[in-house]
2 protein chains.
Amino acid sequence: MAAMGPRHRVISDAIRAEISHGDLPPGAHLPSEAELGERFAVSRTTVRAALMSLANEGLIASESGRGWFVRERQQLVYRPQEEFRPVPASAEMDHFMAARTAEGRQPSQTIEVAIVTPPEPVARRLGLQEGEPAVVRRRVRSLDGEPWNTNDSYFPLSLVDGSEIMTPVDIARGASQVLAELGYYQDRALDEVHIRMPTPDEMRRLALGPGTPVAIHVVTGYTESGQPVRVVVNVLPGDRHVIAWERQRPRPEQG
Amino acid sequence: MAAMGPRHRVISDAIRAEISHGDLPPGAHLPSEAELGERFAVSRTTVRAALMSLANEGLIASESGRGWFVRERQQLVYRPQEEFRPVPASAEMDHFMAARTAEGRQPSQTIEVAIVTPPEPVARRLGLQEGEPAVVRRRVRSLDGEPWNTNDSYFPLSLVDGSEIMTPVDIARGASQVLAELGYYQDRALDEVHIRMPTPDEMRRLALGPGTPVAIHVVTGYTESGQPVRVVVNVLPGDRHVIAWERQRPRPEQG
DNA sequence: GAGTGGTCTAGACCACGTA
DNA sequence: ACGTGGTCTAGACCACTCG
């Protein structure tokens, strides 16, 4: 016999096993809390502790009045390098939009422009003084009407004031191109990916269920002289994205 | 007045605000559940619902018999490209170990070699037949005695049988070098990063608290002819890693 | 209206850490 | 011994969904 531990643990282990063995496939309706209480001879509170635990692992989710369901995850490939190209693939859409359309999905986005005091991590990356303003272009990208990820681009206000970047519409030739025309060509970039649970704000904005972590992909763009000119913050729900890239022929003499 | 919602929500919002404002700094001891129950005039069950919610966001953690504490997160930079270099930085340590030592930390690792039927995603990437065996070199890397991440390298048994790869000790010149000597030079690689909550197994192996998501960094190495020769699965706890890389001078004429 | 999950209570017993 | 969190119970009322 294996060590049993607390009863809610026994229950969640049993259900998790049913899920991973495929007895409860994605989308399946779980037995009701009352029924599970009878099956395992425990109170409803204990059943709920087990279900909550599985929900926080991202395996199941509840719909009020309907029951508990095994989650289905549908992941799209996210290619970091596509998020930083000087020229977008088409005049009307950026790479995200173009790539998703090619996959037969119906992409859409909302764009919102604001002048803000950026959050501290962004201000630090942009080299802004305390309280110095920045322009943020906030986008929520959706697929078939469901929010998919967010993309917030920050620019120092002093660099882009009055330019096309401050208009809340899609910039056909790309924000990088506008920056270049203003004399700030992005020569290199630093990419960072942070992994954490979403804030309540992010959960609302992206309609995330419990147990859904996010990747925060932060790109800081610099000119050749080393001046930071742009910070892009992408929030990628883990159940909807796989980050992927390719590497060629590593050369031993390097590094 | 803002909409209040359920009481456990009000409590978790209040504590979350105290944490983000710095009134409860990292490491701080929260009031006891009983005390919070008095302060908010609710039962202990409701207090616990609020605390559990914060724990699942990764903000706080409990220590049995001691209380609840605000989590401290210490992140190290993880550079994906370092995980796939033909020659390690030194004879005794791989890149992870060398980089961490340079930072003044005390790295250590356990190595375990086994012949297994790999999990389906690994078998698929290696192009193995159903049930075909592979060699796995399992490593747990620790820093100052705490488990930090895991690194499991899978090789088709048919390629590496009898070679140095099957010895459970550090390979001074690197597994890539051994593969090359066997006639399988890794010419290119596909990198993937998946974001999800850890399995119970991973939680044990890495001593993870609740609300700690992981990044799964999977590297599939190919020879010039396109034959997959290695799959590396890195499990990176989100509270301990930032994935970072740099990009140079994107060229418009490309792709 | 019947069934589902969402919230909340009051109380109990246990295991653990600290003094 | 005492205070802490961990587990569990039995029961209640509510909001939501569906037939």
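Values reported hereafter were calculated over all heavy atoms of this structure, with side chains retained and with hydrogens, waters and symmetry mates removed. Order of the sequence lines sets the chain letters (A, B, ...), proteins ahead of strands, with each chain counted from 1.
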query: So which of residues 29-41 of chain B are in contact with DNA chain D, with a heavy-atom cut-off of under 4.0 Å?
result: B/Ser32, B/Glu33

query: Does A/Gln109 use its side chain to pair, donor to acceptor, with the backbone of A/Thr150 at less than 3.5 Å?
result: no

- prompt: So do A/Asn56 and A/Met197 actually touch side chain to side chain, heavy atoms under 4.5 Å?
  reply: no

task: Name the orientation class of the two ring planes belonging to B/His241 and B/Tyr78 (parallel below 30°, tilted from 30 to 60°, perpendicular beyond 60°).
output: perpendicular

- request: Taking only the side-chain heavy atoms of B/Thr46 (C-beta and beyond), determine which of C/dG5, C/dC8, D/dC8 contains the nearest atom.
  value: C/dC8

message: Counting C-beta onward and ignoring hydrogens, is there a side-chain heavy-atom pair between B/Leu51 and B/Leu30 closer than 4.5 Å?
response: yes

field: Residues that B/Glu63 engages under side chain to side chain donor-acceptor pair (under 3.5 Å), provided they are two or more places apart
entry: B/Arg66

- request: Find the distance B/Met4:CE to C/dT7:P and express it as a whole number of Å.
  value: 15 Å

- prompt: Any sub-3.5 Å donor-acceptor pair from A/Arg137's side-chain atoms to A/Val169's backbone N or O?
  reply: yes

Could you go through nucleotides 11-18 of chain D and list every protein N or O atom that sits under 3.5 Å from one of its N or O atoms, giving the distance for each pair?
from, atom 1, to, atom 2, distance (Å)
D/dA12, N6, A/Arg44, NH1, 3.4

Set of residues satisfying salt bridge (charged side-chain N to carboxylate O under 4.0 Å, His left out) with respect to A/Asp152, sequence neighbours excluded: A/Arg205

message: Which residues in residues 7-17 of chain A have a heavy atom closer than 4.0 Å to any atom of DNA chain D?
response: A/Arg7, A/His8

- prompt: Between atom CZ of A/Arg16 and atom OG of A/Ser53, what is the distance when rounded to the nearest 0.5 Å?
  reply: 6.0 Å

Contact check, side chains of A/Arg196 and A/Val214, non-hydrogen atoms, under 4.5 Å: yes

Worked verdict on A/Ile11 versus A/Leu36 for side-chain contact (heavy atoms from CB on, under 4.5 Å): CA-CA 9 Å; A/Ile11 298 170; A/Leu36 289 169; 5.6 Å; no

Pairwise side-chain contact, A/Val193 with B/Val193, heavy-atom cut-off 4.5 Å (strictly under): no

Side chain proximity check, A/Glu192 to A/Pro121, heavy atoms < 4.5 angstrom: no

field: DNA chain D contacts among residues 47-62 of chain A, heavy-atom distance under 4.0 Å
entry: none

message: Take a 6.0 Å sphere around CD of A/Glu38 and say whether it holds more than 12 heavy atoms from other residues, nucleotides or ligands.
response: no

